[in-house]
Structure formats: C-alpha cells, structure tokens
Chemist: 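Below you will find the structure I want to go over with you.
Reminder, nothing fancy here: chain letters follow the sequence lines and each chain counts from 1. All values derive from a computational prediction rather than experimental measurement.
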Amino acid sequence: MMQKHTILDQSFFNRDALDVARNLLGKYLVRSSTAWIRDGSSSLLTTSGAPIALLINEVEAYVGPHDLACHARVGKTARTEVMFGPPGHIYVYLIYGMYWMLNIVTRPENYPSAILIRGVGMFDGPGKLTKKLAIDQTFNKKILAPETGLWVEDRGVIVRDHEILTTPRIGVDYAGPIWSQKPYRFVLNKH
DNA sequence: TAAGTGATCTCT
DNA sequence: GAGATCACTTAA
C-alpha cells in the first residue's frame, strides 16, 4: 500500500531544536521549481518541473541565545532576526564568501533556535546540497511550503535510536570548550 | 593543508 | 570605514 506523504507544518518545528533535529532524520527535503534554472551545470533542477525529494541524513541543532555556537548568541541582528521569528521558516546565510547554509527555524517566536541541514540524499556537506538544489538567499525568511518551492515531507521512513549517530557540531570551536563539544550533530547511520 | 570568497559584525 | 571572522569545499 502506498505510503502517504505528509507535509510537515509549523507544529512539527515548534519544539525544542534537539527534538526537531532527531526527528528530521529520515524525513525528505523536497525542492520544486517552476522557474527555469540557468546554471544547469551545478544544479539538479531541470525544466521538467518535477520535485526532487532527498532523504535528510545529517543535521545540527543550534538551541538558543545561550548556545555560544548559535548565531543568535549576540542577540537580534539583521541577519539573525529570522531565527527570532515563527517556526518552520527558512534561515539562509552565506559562509566563507561562497556557500549558502540552509537552516530551519524552531520553537515559537522570540526564541531563536534553528536546525542546520548538513546532508541530504547523496550529498554530504551543507554547502554542496544548497548548490545542487539551487538554494540561496532568496529563500531566507520564507516558510517551508510547496508555494515556496522548498518543504519537508514525512514519507513513512522509520528511524530507530540506534541508527542515529551523535557527535559534536562541526566548525564551532569558537564557541568554547563547553558548547563546541555539545553532542548536537545527528547523523543517520543506516546500513 | 591552505587558499578562496564576501557578508556581517565589532571596533574606530 | 577598516579589519577580523566565519555552522565550507576543493585541489594538492
């Protein structure tokens, strides 16, 4: 019997970032585009308009203003204000002058926290997946939904606890010995 | 292992 | 306005 595909809405993301992070593993990131994508060499998107759905297999949680690795640690700025907004919205920023990072805002308004999507399908690395899916700053502050061209679906994949590998987050040494070592990176380890 | 890249933020 | 930093990737 065909498994129903459920689009995850704001209620899914209106929880603690650590809960959302674990539960995102095994869900599908779906990208559709009605627009023709110019850069065919680096993007998977075509003129066919068929959505691309990729299994989410690596994420990191940035849990709040007290998290010294979280961008929101210095308070609300032009860049981070989206994290202070409602859940289920998209936070995209540029890193190292080259790579767009895709994040999903968690928890209610005025509590800044988010999930960084680090790996989907065959793509490891947060910069690679945004390039392949043609995700850039134009998605910033938008809501995850079909009309945005980017959303998340539950397609019935069951992920058990022993299939989740937990490690410190990548590239956050600046956060100091405590927060840089928090086990807030989650990797789906299916064999 | 280190260069590349540019927005953002923290000082002046 | 200048300077440092940065939730990364690639080529070597």
Chemist: Which whole-number value in Å describes the distance from A:Ile170 CD1 to C:dT9 P?
Modeler: 10 Å

Chemist: For residues A:Leu55 and A:Leu25: do they belong to one hydrophobic cluster (side chain heavy atoms under 4.5 Å, members Ile, Leu, Val, Met, Phe, Trp, Tyr)?
Modeler: yes

Chemist: Working to the nearest 0.5 angstrom, can you tell me the gap between A:Ile117 CD1 and A:Leu29 CG?
Modeler: 6.5 Å

Chemist: Mind listing the residues from residues 12-20 of chain A sitting with a heavy atom below 4.0 Å of DNA chain C? Number order is fine.
Modeler: none

Chemist: To the nearest 0.5 Å, what is the distance between OG1 on A:Thr130 and CZ on A:Phe123?
Modeler: 11.0 Å

Chemist: A:Ile135 and A:Met83: same hydrophobic cluster, using ILVMFWY side-chain contacts below 4.5 Å?
Modeler: no

Chemist: Would you please confirm or rule out a distance under 4.0 Å between OP1 or OP2 of C:dC6 and any side-chain N or O of A:Tyr93?
Modeler: no

Chemist: Does the distance from a Lys or Arg side-chain N to an Asp or Glu carboxylate O, for A:Glu147 and A:Lys142, drop under 4.0 Å?
Modeler: no

Chemist: Please list each protein N or O that sits under 3.5 Å from an N or O in nucleotides 10-12 of chain C, with the distance.
Modeler:
none

Chemist: Run the numbers on A:Ile52 and A:Val30 for side-chain contact (heavy atoms from CB on, under 4.5 Å), then give the verdict.
Modeler: CA-CA 5 Å; A:Ile52 299 166; A:Val30 190; over 6 Å; no

Chemist: Applying the 4.5 Å side-chain criterion to the ILVMFWY set and letting contacts propagate, would A:Tyr99 and A:Met122 be lumped into a single cluster?
Modeler: no

Chemist: Where along residues 103-120 of chain A does a heavy atom come under 4.0 Å from DNA chain C, residue by residue in number order?
Modeler: A:Asn103, A:Leu116, A:Arg118

Chemist: Between A:Asp173 (CG) and C:dT5 (P), how many Å, whole number?
Modeler: 14 Å

Chemist: Using a 4.0 Å heavy-atom cut-off across all strands, classify A:Met101 as base, sugar-phosphate, or nothing.
Modeler: sugar-phosphate

Chemist: Just do the ring-ring contact (aromatic ring centres under 6.0 Å, His included) check on A:His89 and A:Phe13 with the steps written out, would you?
Modeler: CA-CA 9 Å; A:His89 284 245; A:Phe13 299 101; 10.0 Å; no

Chemist: Send over the distance from A:Leu68 CG to C:dA7 P, rounded to a whole Å.
Modeler: 13 Å

Chemist: Taking all non-hydrogen atoms of both residues, which atom of A:Asn103 and which atom of A:Ala114 are closest, and how far apart?
Modeler: CB-CB, 4.2 Å

Chemist: Is the closest basic N to carboxylate O distance between A:Asp16 and A:Arg107 below 4.0 Å?
Modeler: yes

Chemist: How far apart are the C-alpha atoms of A:Glu60 and A:Tyr184, what are their side-chain angles, what is the distance that settles it, and do they pass the side-chain contact (heavy atoms from CB on, under 4.5 Å) test?
Modeler: CA-CA 6 Å; A:Glu60 283 177 0; A:Tyr184 290 173; 5.8 Å; no

Chemist: Over how many whole Å does the gap from A:Lys132 atom NZ to C:dC8 atom P extend?
Modeler: 19 Å

Chemist: Can you tell me how far CG of A:Leu24 sits from CG of A:Leu8, rounded to the nearest 0.5 angstrom?
Modeler: 7.5 Å

Chemist: Could you tell me the separation between the CZ atom of A:Arg169 and the OG1 atom of A:Thr167, rounded to the nearest 0.5 Å?
Modeler: 10.0 Å

Chemist: Is there any protein nitrogen or oxygen under 3.5 Å from a nitrogen or oxygen in nucleotides 7-12 of chain B, and what are the pairs?
Modeler:
from: B:dC9; atom 1: OP1; to: A:Thr77; atom 2: OG1; distance (Å): 2.3

Chemist: Look at the side-chain heavy atoms of Ile, Leu, Val, Met, Phe, Trp and Tyr, link any pair under 4.5 Å apart, and say whether A:Tyr28 and A:Phe186 land in one connected group.
Modeler: yes

Chemist: Could you tell me how far apart A:Leu102 (CG) and C:dC8 (P) are, to the nearest whole angstrom?
Modeler: 13 Å

Chemist: For A:His71 and C:dA7, what is the distance between atoms NE2 and P respectively, to the nearest whole Å?
Modeler: 4 Å

Chemist: Say whether A:His71 and A:Tyr91, considering side chains only, have a donor N or O and an acceptor N or O under 3.5 Å apart.
Modeler: yes

Chemist: Reading DNA chain C 5' to 3', how would its secondary structure be written in dot-bracket notation, given Watson-Crick and G-U pairs with both distances under 3.5 Å, brackets [ ] for crossing pairs and | for partners on other strands?
Modeler: ||||||.||||.

Chemist: According to the salt bridge (Lys or Arg N to Asp or Glu O under 4.0 Å) rule, which pairs have a member within residues 151-161 of chain A, sequence neighbours left out?
Modeler: A:Glu153-A:Arg155

